[in-house]
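Quick note: numbers below take in every heavy atom, side chains included, and nothing from hydrogens, waters or symmetry partners. Just so you know, residue 1 is the first one in the sequence shown, and it goes up from there.
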Amino acid sequence: MYALITLPIGILIGFLIRKYIAEARIESAEEEARKIRNSARREAESEKKEIILEAKEEAHAIKEKANEECQERRNELQQLENRLMNKEENLEKKNENLEKREEKLAGQEEKIKQAQERIESLKKEQEEKLEKISNFSEEEAKEYLLNKMEDELDHEFAKMIKEKKSRAKEEAEKKARKIISLAIQRCAADHVAENTVTVVQLPNDEMKGRIIGREGRNIRALESLTGIDLIIDDTPEAVVISGFDPMRREVARIALEKLIKDGRIHPARIEEMVEKAEDELDSHIQEVGEQATFDTGVHGLDSQLVEYLGRLKFRTSYGQNVLQHSLEVSYLAGIMAEELGADVSLAQRGGLLHDIGKAIDHEVDGPHSRIGVDVARKHGENERVQHAIEAHHGDVEFESIEAVLVSAADAISAARPGARKETLEAYIKRLEELEEIGNNFSGVKKAYAIQAGREIRVMVESDQVDDVKASKLSRDLKKEIEKNLDYPGQIKVVVIREVREVEYAK
């Protein structure tokens with residue numbers, strides 16, 4: 001019973017004691033917090049005062065610096081103001097001086113105007129006097145002076161051209177002679193003059209009768225199949241094949257030689273041999289074309305172009321074999337290109353193909369240079385080769401040095417003595433036209449074509465043509481010949497002016 005009473009009392013007392021202790025601790029903590037707050041407050045007040053003091057010091061320093069800068073700006077502005085005032089004073093002084101000068105110039109202008117009026121009056125009086133003295137009006141005098149000046153300028157201009165042309169010609173001729181002589185020295189092509197007939201040797205004269213056949217049937221068959229004329233005359237052990245087309249003559253020659261060797265001559269056998277001859281000629285043409293490309297070092301040609309090259313063996317121009325001419329042009333162009341540092345392969349290719357149009361010019365209308373360009377384009381040749389073909393006769397402007405070299409090589413090969421020939425009628429006609437061109441120029445006494453038409457000598461009237469005009473006449477005559485005359489190679493133009501003074505001693 002006692003235990004039951006004391007236990008709750010003990011618990012109550014313990015609770016009261018813990019409560020008291022807790023309150024004491026809380027009070028102590030609050031006191032400590034108050035002390036901390038007071039200490040923090042005091043420290044904050046102290047820092048605040050320090051910060052305010054530092055800010056005031058900094059503001060004072062900034063203010064002092066700003067005052068100094070303001071003072072400097074004021075000083076600068078004052079200096080600028082002083083300068084502007086000085087400039088304004090100077091401008092005022094200059095303005096006053098200009099006004100004085102303008103007044104002075106106004107007076108001088110009036111004097112100048114009066115002087116000009118006086119000069120015009122004197123000039124007019126002088127012109128009137130000159131017109132009376134010279135019997136020329138003003139317009140006539142101007143025209144006279146202009147004509148005189150034009151003559152003097154033409155004379156000076158022609159003289160200058162003559163001097164420059166002479167120097168350039170000397171240097172160019174020296175270099176050209178060296179290159180051309182080297183090219184010709186290194187190129188030795190054979191030339192064979194082709195005729196319109198071919199002679200076939202017979203083993204005996206009895207063969208002539210067998211070739212003629214019964215009532216001439218054999219000879220008629222051969223002529224109809226080949227398109228040639230077979231001439232059998234009194235020439236011992238020989239018959240003559242006549243025809244303008246060399247390929248037809250070659251077919252006839254091959255067929256006839258085969259027939260003579262075989263011994264069986266009749267129309268059917270003749271037809272068979274002509275077919276074999278045509279096949280053999282086609283193979284020979286291809287071989288000739290391939291050999292030409294091998295000899296010149298020109299590779300990669302289309303097979304059709306190679307065949308056209310082979311055909312050129314049976315084509316002549318003024319008696320010169322066109323294939324041999326093409327080979328020579330290729331050699332010459334390549335050698336000159338090598339000397340000048342140009343494209344050697346292009347020059348050789350253009351030289352070999354420059355007359356390719358002549359292989360089919362009897363089948364296609366147009367000049368052989370134009371035909372050659374079309375053929376080259378069709379078979380894959382580049383534009384530079386096409387241009388060399390088109391320009392080798394000067395039909396178009398030269399666009400490359402290789403084209404010029406091909407044209408030069410063509411002229412060298414064609415103009416070389418003995419390389420070409422022409423009919424007497426065409427030859428005489430060309431010489432007459434050449435002399436006629438020379439005689440048509442004013443001041444020309446007589447023109448003579450010499451050196452087989454490769455030179456024209458023009459005798460001029462010495463009182464009408466002076467030395468300078470003689471130089472101009474030679475250039476004009478050269479241009480006229482190039483424009484109106486077709487000729488192989490080149491023509492030398494020589495103008496001769498001779499002065500003779502004759503007196504008689506009595």
Side-chain angles (χ1 to χ4, degrees), residues 190-285 287-288 307-326 355 358-364 368 418-429 488:
D190 294 329
H191 287 274
V192 179
E194 295 287 342
N195 299 313
T196 57
V197 296
T198 301
V199 178
V200 177
Q201 297 298 325
L202 302 178
N204 50 63
D205 285 339
E206 294 180 1
M207 187 61 68
K208 291 181 179 179
R210 299 178 62 185
I211 292 173
I212 295 172
R214 185 180 300 175
E215 298 178 356
R217 62 176 186 174
N218 291 343
I219 192 172
R220 285 197 301 272
L222 185 60
E223 289 178 345
S224 63
L225 289 172
T226 58
I228 54 88
D229 291 329
L230 195 61
I231 302 172
I232 301 177
D233 53 16
D234 296 335
T235 306
E237 298 181 354
V239 294
V240 176
I241 300 172
S242 177
F244 182 76
D245 190 334
M247 291 184 67
R248 292 178 182 175
R249 293 204 311 273
E250 185 66 12
V251 170
R253 183 190 67 80
I254 295 172
L256 188 56
E257 287 180 351
K258 287 181 176 294
L259 288 168
I260 294 170
K261 186 177 180 180
D262 182 65
R264 294 173 293 173
I265 304 177
H266 52 81
R269 189 63 177 172
I270 291 172
E271 184 175 354
E272 181 183 349
M273 289 302 177
V274 168
E275 291 179 357
K276 288 183 179 181
E278 289 175 347
D279 294 339
E280 187 175 325
L281 181 61
D282 290 340
S283 300
H284 178 66
I285 286 172
E287 290 175 2
V288 169
E307 180 186 339
Y308 289 158
L309 281 175
R311 287 189 188 184
L312 294 180
K313 179 182 178 181
F314 303 97
R315 176 75 156 81
T316 59
S317 178
Y318 294 101
Q320 185 181 28
N321 185 276
V322 177
L323 178 60
Q324 292 297 327
H325 166 67
S326 298
D355 272 347
K358 289 185 177 180
I360 56 172
D361 61 352
H362 58 288
E363 302 173 2
V364 182
H368 73 273
R420 292 191 172 188
K421 63 181 181 179
E422 54 187 329
T423 63
L424 179 62
E425 182 181 354
Y427 169 75
I428 294 174
K429 183 179 178 182

Legend entry - Pairwise distance CD(E287) to CD(E307) - rounded to 0.5 angstrom: 13.0 Å

Inset, instruction - State, yes or no, whether a side-chain contact exists between T226 and I241 at a heavy-atom distance under 4.5 Å. - result: no

Run the side-chain donor-acceptor check on residues 209-218: report pairs under 3.5 Å with partners two or more places apart or on a different chain.
from	atom 1	to	atom 2	distance (Å)
R210	NH2	G263	O	2.0
N218	ND2	R210	O	2.9
N218	ND2	I265	O	3.3

Inset, instruction - Would you mind listing every salt bridge (charged side-chain N to carboxylate O under 4.0 Å, His left out) that reaches into residues 266-277, with sequence neighbours excluded? - result: D262-R269, R269-E272, E272-K276

Legend entry - Partners passing salt bridge (Lys or Arg N to Asp or Glu O under 4.0 Å) against R253 (at least two apart in sequence or in another chain): E250, E257

Legend entry - Sequence-distant partners of E206, side-chain contact (heavy atoms from CB on, under 4.5 Å), two or more places apart: N204

Inset, instruction - Sort and list the pairs that fulfil salt bridge (charged side-chain N to carboxylate O under 4.0 Å, His left out) and have at least one residue in residues 218-232, not counting sequence neighbours. - result: none

Inset, instruction - Check side-chain hydrogen bond (donor to acceptor under 3.5 Å, both in side chains) between H266 and all other residues, then give those that pass, not counting sequence neighbours. - result: none

Legend entry - Close side-chain approach of M247 and I285, heavy atoms under 4.5 Å: yes

Legend entry - Residues forming a salt bridge (Lys or Arg N to Asp or Glu O under 4.0 Å) with E280, sequence neighbours excluded: K258

Inset, instruction - Supply the atom-to-atom distance I232 CD1 to M207 CE, rounded to the nearest 0.5 angstrom. - result: 11.0 Å

Legend entry - Partners passing side-chain contact (heavy atoms from CB on, under 4.5 Å) against I360 (at least two apart in sequence or in another chain): Y308, R311, E363, V364, I371, V375

Legend entry - Donor-acceptor contact present, side-chain D355 to main-chain K358, <3.5 Å: no

Legend entry - For A255 against A277, the heavy-atom pair lying closest together: N-CB, 3.8 Å

Legend entry - Shortest non-hydrogen contact between S326 and L312, atoms and distance: OG-CD1, 4.0 Å

Legend entry - Rounded distance [0.5 Å steps], CD1 in I219 versus CG in L230: 4.0 Å

Legend entry - Where Q201 and I260 come nearest, the two heavy atoms and their spacing: O-CD1, 4.2 Å

Inset, instruction - Output the distance between atom CG (L256) and atom CE (M273), rounded to the nearest 0.5 Å. - result: 11.0 Å

